[in-house]
Every structure is written in structure tokens, then in C-alpha cells.
Number of protein chains: 2
Amino acid sequence: MRDLRENIIETSLELFDRHGFHGVSVNEIVKASQTSKGGFYHHFTSKDELLYVIHDTFITYVLKEAQAANIVHTSPVEKIQAIIRSFVHVFDLYKSHISVFYQESNYLKPEYEINMKGKRDQFKHLVFDVIREGQATGEFRKELPAEITGMAILGMVNWIYKWYRKDGTYTIDEIADVFTDLVLHFLLPVEEHVHVKNHMLHIPFFYEMK
Amino acid sequence: MRDLRENIIETSLELFDRHGFHGVSVNEIVKASQTSKGGFYHHFTSKDELLYVIHDTFITYVLKEAQAANIVHTSPVEKIQAIIRSFVHVFDLYKSHISVFYQESNYLKPEYEINMKGKRDQFKHLVFDVIREGQATGEFRKELPAEITGMAILGMVNWIYKWYRKDGTYTIDEIADVFTDLVLHFLLPVEEHVHVKNHMLHIPFFYEMK
DNA sequence: GAATGAAGACCGACTGGTTGGTCTGTCTAC
DNA sequence: GTAGACAGACCAACCAGTCGGTCTTCATTC
């Protein structure tokens, strides 16, 4: 029980993940964290603030990773691969944060919500921009509407929180491999696929199988 | 105010969509529906049952559509197109049902939850099976793991509820067009893309543009 | 190096308001 | 006259948050 604040966050995370934000009362959090009402409200101004802190932790991480990938790499093909890879990996690190986030984010008080929405939008537009950039250079199929295609990517990755299990059949790396492959297959023009391996950051695990 | 039961369902749907299941009390539902506690509990045994009814309405529809598509069409390419198309279209019909469903389904009492999970799993496996079938006939890329690929499809489509607006830039038909195109691009072997138009149920709207 | 005191960490009984659900009863239709 | 449809006062449970108080830590003073 080193740091009570951290302890409360982790305990609530488990509880929220299992029963949802509204399925857990402050009293239950307090009991599970082996502290008291006083202890809780000493560290958080409200139950809502706790929710906000959970959200912010993970979304700040995602955004930073994506921005880094955007700077490190130059070609859109590499960028989109790196973004998907790091994005998918976040689910390994912050699975319960993300579950809570998507299940409860619409209950956030306005003052918190504005902050969150900004970061989410930044990330979304980063993805859109990479797609548009790839279309401009001719590396990606020009006929695809960038917004719909972008939302397809965000959707398939975000949905991971619903089904991914750390002890499941596939590792997060394998999922990242497949997702990157799927996305490149629909982004790249058909003629380009012959050369696709030259662009690849690494060869997906399933290319040797079957 | 013909049928009070229907009235209550539709009113709550609007309220839940805006404030979430937990953000709306039975008293508020009752007031908005211009009835009383007695009226409400005459038609529903609990607030949870109302949630269940909302869930069941839409998921039963999705499943029926997909099963029909699975029977009507014979080739996996056609099947997957039809399933995606009908799946995407559900968001036009049942947007608020679906929002409530994904935001609150984990609060469902066990007795309701079991029923729901069964139908969801049926749908999921239907998608998996179509992919495996296509791989068996050689129409789809054999190297892709069917489960991950299937979850990618389910994810991108399910995510629609987060961003689709009836009065948005793109119609639901256009979204279905793009999604079907994306999916076929990653499912079909590269060599097959030259012939892809022969398989297509219809030409996507964006193929003529740009 | 003992005494002082102030600030932060934490405790838990308590409160005011709300919630889902009940129950008695009335009003209508057949 | 009986059964379903609805009304609305009522209730126990519970909830997030408060507040007066204690215990610990540690810099400051003599």
C-alpha cells in the first residue's frame, strides 16, 4: 500500500472493468482499496475526477505514440504501419483503462469532456492526414474517401477492447501484424502490391503459414 | 399515444441515447412518456427489462438479415458483400438502439445477458464461417487468420455507431460501398483484383470520382 | 536534541437527495 | 361485475459527498 492514490486508481480500474462505472459505488472502491471516504476524497475531488484521470492516462499515451510515429517516419506507408502497430499495442498496456473509457466516457461532466474530445480529435485527424498524404503522393488509392477509410481503421482497432484477452489465441503482435496487412491491402493500389514487401517494416507472422 | 408500451420504448430510446441508461431515471421516463409509475411497471417488470427489449429488437434483426444473406447468395464474395451491406444499413434503422446496446449491455442482469450473448455469437460465427468458406474455395486469401480478420470486419462496422450521423457528409449507402470495397481488397488475393468487378454486387459510388 | 506547531494524510459517522420498485386504488371496456 | 390499464403516494435502500476530528511527519525554534 505504498501510494494510496495509485492504489485507488488500480483497484477502481478492476472494479469498473468488471461492473462498469455506475456498477461500483465510492463505498465499494473505498472498501476494496482498504481506505476510507476521507482517504478517497482527499485524493480526488469527485468520482468523476477519478474517471477523468483514467481516461487521460491512456489517451495521452496513444496520442504521444502516434505523433512520434508521424515524425520518425517519412513515407505514409511506414507511418500508417507504425501508427497501427503502436495503437494496437496500447490495448495490451491499457486494456481496462480503455474498456472503462468507451463504456463511460459519455457520462463525463462537460468540464472534463471538452479536454478529452480534443485529444481524441487530434488523434483522429492525424490518421486522416496520413491517409490524405499517402493519396497525394500516389502511394495510397486516390479513390477512397479519407474520412470513411480512416474511421474504418479506427473502428477495427478500437473494437479490440471488446474481444482481446491477454491469454487468448493470438498475441497482440500477431493482431497488429494482421491489421497492418489488412489496412495496407485496402490502402495500396493493386499494382503496388507486388512491391509491397519493400515498404514493409517487417514481414507479418502469418505470411509463412499454411 | 396509441400504444403506451411502444411509446415508452421510443421515448426512453431518445433519452438513453442522449444521457445513457444510468443517466435517465424511471421517473424521467415516466414524465417524458406522459404516463405514471403504474403505467410503466404495468408493461415492464423492471428498468432492466426495458433495456433487454431494446437490445433484443435490433440484434434479432441483424442476425435475421445476415442469415438470409447467407442463404440467398452462394459465393463467399457475394455473401460477405451482402452481410456487410445489410449490417451497415442496420445503423441507419436502429442507430439509437445500437448506441444504447453498446453503452449499457454490460449492465444487463445475467438472465438477460445469456440470451443476448447467444445471438451475438451466432452472428460472429456466421462471419467467421463465410471467411473460412471463401478461403476453402480459394476465393479469399488463405494466409489470413479468419478470427482476427473477422473481428476486424465486425470492429469497423460496429464502430459506426460512434460517428455516423443521418445528416452527415456521407450516406449509409456510401459507407457500405467503401467498407465493402475495403474488405474485398484485403480478402481477395492480389491477382484476383483484376476480376473483382465480375464478382461485385454493384459498383461502389466512389469508383468514378477523382 | 527536546519541544513546538503546522500541514498533509487519512478516518468514518452522517446527510440530503435520489432511485427503482411497490401497493392501494380508480377508471374504463366489455 | 370482472379484468386489464393506468394513477400516484409512498418507501427502503443506497448514493456521492461533507465535515469535525485524529494521527503522522518534519521543519523550526530554543
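Convention: sequence-line order gives letters A, B, ...; per-chain numbering from 1.
- Here D:dA16 presents its P atom at 12 Å from CG of A:Leu51, a figure rounded to the nearest Å.
- Between the CZ atom of A:Phe44 and the P atom of C:dA9 there is a distance of 13 Å, rounded to whole Å.
- Rounded to an integer number of Å, the gap from B:Glu28 CD to C:dT19 C1' is 10 Å.
- Residue A:Thr35 places at least one side-chain N or O under 4.0 Å from the OP1 or OP2 atom of C:dC11.
- Atom NE2 of B:His19 and atom P of C:dT19 are 13 Å apart (whole Å).
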Give every pair of a protein N or O atom and an N or O atom of nucleotides 24-30 of chain C that lie under 3.5 Å apart, one pair per line with the distance.
none

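- Between B:Glu111 and B:Lys109, no side-chain nitrogen of the basic residue sits less than 4.0 Å from a carboxylate oxygen of the acidic one, so the salt-bridge criterion is not met.
- With contacts defined as side-chain heavy-atom distances shorter than 4.5 Å, the pair A:Val77/A:Leu188 qualifies.
- A donor atom on one side chain and an acceptor atom on the other are found under 3.5 Å apart for B:Tyr164 and B:Asp92.
- In this model, the phosphate group of C:dG12 is not approached by any side-chain N or O of A:Ser36 to a distance below 4.0 Å at OP1 or OP2.
- Distance, B:Phe40 CZ to C:dC23 P: 17 Å, rounded to whole Å.
- Counting heavy atoms from C-beta on, the side chains of B:Phe16 and B:Glu104 never come closer than 4.5 Å.
- Backbone-only engagement by B:Val24 is indicated by non-hydrogen atom pairs under 4.0 Å involving sugar-phosphate atoms exclusively.
- With a 6.0 Å cutoff to the six-membered ring centre and a 45° limit on the axis angle, A:Lys47 counts as a cation-pi contact of A:Phe21.
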I'd like a list of close polar pairs between nucleotides 1-5 of chain D and the protein, N/O only, cut-off under 3.5 Å.
{"residue": "D:dA5", "atom": "OP2", "partner": "B:His42", "partner atom": "NE2", "Å": "2.6"}
{"residue": "D:dA5", "atom": "O5'", "partner": "B:His42", "partner atom": "NE2", "Å": "3.3"}

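- A 4.5 Å side-chain heavy-atom check between A:Tyr161 and A:Gln103 finds at least one atom pair inside the cut-off.
- One finds no salt bridge joining B:Lys79 and B:Asp129 here, because no Lys/Arg side-chain nitrogen approaches an Asp/Glu carboxylate oxygen to under 4.0 Å.
- The nearest whole Å value for the distance from the CD1 atom in A:Ile29 to the C1' atom in D:dG17 is 13 Å.
- At least one side-chain heavy atom of A:Ser105 sits under 4.5 Å from a side-chain heavy atom of A:His55.
- B:Lys37 comes within 4.0 angstrom of a base, heavy atoms only.
- In this structure, A:Gly39 and A:Asn27 both approach DNA chain C, and ranking their closest nucleotides by distance from the 5' end singles out A:Gly39.
- Taking atom CG on B:Asn7 and atom P on D:dC6, their separation rounds to 10 Å, with Å as the unit.
- When the P atom of D:dA16 is taken as reference, atom OH of A:Tyr107 falls 14 Å away, rounded to whole Å.
- The minimum heavy-atom distance between A:Gln67 and A:Leu126, with the atom names listed, is CG-CD1, 3.7 Å.
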